[in-house]
Amino acid sequence: MFTFTQAALDGYIAQFFFPFLRIMAMMAVVPVLGNRAIPARVKIALAVLITITSAPLLPEQQYSAPVDSYLGYATIGREILIGAAMGFTVRLIFAAIEMGGEIAGLQMGLSFAGYIDPSSGSNNTSVSSYFGIMAVLLFLSINGHLLLISGVVNSFQYIPVGTGADLLGISKNITQMGAKIFSVALSISLPIIVTLLVVNIGLGIMSRIAPQLNVFAVGFPISLAVGLCAILLLLPYMERPLRILLEQSTSMLSRI
């Protein structure tokens, strides 16, 4: 006959339930794993599987406060906050890459061809979606999903359940990553912007030489064709900086 005491039950909860909350919060926010196309049941099942398999590797938890207490509720919110912060830092890099595609599409004139992305619920352009898909493929090619799982499991070594966390340092890291969004997006789309700037200058000179030329009718297809050719030519050289950005985003988990 098996008997359970309140202390033993609280110990099991601290060993499995609280780590599950952190892992589940990270998976709900992080790109790829937190995509809307993945059913919620699959995400919960994957979080439960990761929690069960990684529980023997976690440090022995000394936290045994009841879940239905004020301290238990505070711990639940704290674990969810830490997991969401870890996933949000990685999502910022994907947002920067997609913003780079948004700027490039705006210069090419493809901002008119916007649509609602069902995975994020936001209005995207074709170039932005293409850059986002390319970022996802690179993320999977460098085993970024495995780095995320190992990062959240290793976080219990540095931030155990029930102990104080440097929330100021976490918010500072997230702020630093958010400040890089515009600079990273501009650096990604800068070659395309410069190329289209030269094209627009040439169209401006042509309109001055031949005033009867309809620049709006001629300039749009020229800008679109030149922009697509620029993306095609620059695509092999964009793989390395995108890979570095994705590796930096996964390394942010260890700094958190």
Side-chain angles (χ1 to χ4, degrees), residues 2 4 6 8-95 98 116-122 132-133 135-137 139-163 165 167 170 174 246 249-250 252-254 256:
F2 295 97
F4 292 96
Q6 184 65 34
L9 183 60
D10 293 337
Y12 285 125
I13 291 176
Q15 189 70 23
F16 293 97
F17 180 67
F18 290 129
F20 165 76
L21 291 177
R22 186 183 299 186
I23 294 172
M24 187 67 232
M26 189 271 295
M27 292 185 58
V29 179
V30 78
V32 183
L33 297 178
N35 195 288
R36 289 188 178 183
I38 301 177
R41 295 181 179 179
V42 176
K43 298 177 185 177
I44 295 174
L46 182 58
V48 170
L49 180 61
I50 295 174
T51 304
I52 294 176
T53 54
S54 60
L57 304 177
L58 301 181
E60 184 177 355
Q61 306 292 344
Q62 303 297 328
Y63 178 80
S64 59
V67 180
D68 56 349
S69 63
Y70 291 107
L71 185 58
Y73 295 147
T75 304
I76 290 175
R78 172 182 172 278
E79 294 301 315
I80 294 176
L81 179 62
I82 293 174
M86 296 177 67
F88 188 67
T89 54
V90 183
R91 180 170 288 275
L92 289 176
I93 292 297
F94 279 79
E98 292 178 357
I116 301 298
D117 187 2
S119 62
S120 61
S122 59
I133 294 173
V136 170
L137 294 177
F139 181 76
L140 296 175
S141 67
I142 64 175
N143 292 326
H145 55 295
L146 300 180
L147 294 175
L148 288 177
I149 295 174
S150 63
V152 71
V153 172
N154 292 331
S155 67
F156 293 98
Q157 302 286 341
Y158 305 100
I159 312 177
V161 174
T163 59
L167 298 180
I170 294 176
I174 295 177
L246 294 176
S249 66
T250 53
M252 281 293 295
L253 299 181
S254 61
I256 287 182

Qualifying residues under side-chain contact (heavy atoms from CB on, under 4.5 Å), relative to [X], sequence neighbours excluded:
| X | value |
| --- | --- |
| Thr53 | Leu49 |
| Ala47 | Phe20, Ile23, Met24, Met27 |
| Leu146 | Asn143 |

State the [atom1]-[atom2] distance between [X] and [Y], to the nearest 0.5 angstrom.
| X | Y | atom1 | atom2 | answer |
| --- | --- | --- | --- | --- |
| Ile82 | Phe18 | CD1 | CZ | 12.0 Å |
| Met26 | Ile149 | CE | CD1 | 6.5 Å |
| Leu21 | Thr51 | CG | OG1 | 8.5 Å |

Evaluate the side-chain proximity of Ile76 to Phe17: yes if any heavy-atom separation is below 4.5 Å, no if none is. yes
Nearest heavy-atom neighbours spanning [X] and [Y]:
| X | Y | answer |
| --- | --- | --- |
| Ala84 | Ala25 | N-CB, 3.8 Å |
| Gly87 | Val29 | C-CG1, 3.8 Å |
| His145 | Leu140 | ND1-CD2, 3.7 Å |
| Val30 | Arg91 | O-NH2, 3.6 Å |

Filter on salt bridge (Lys or Arg N to Asp or Glu O under 4.0 Å), then keep only pairs touching residues 18-33, sequence neighbours left out; what's left? Arg22-Glu79
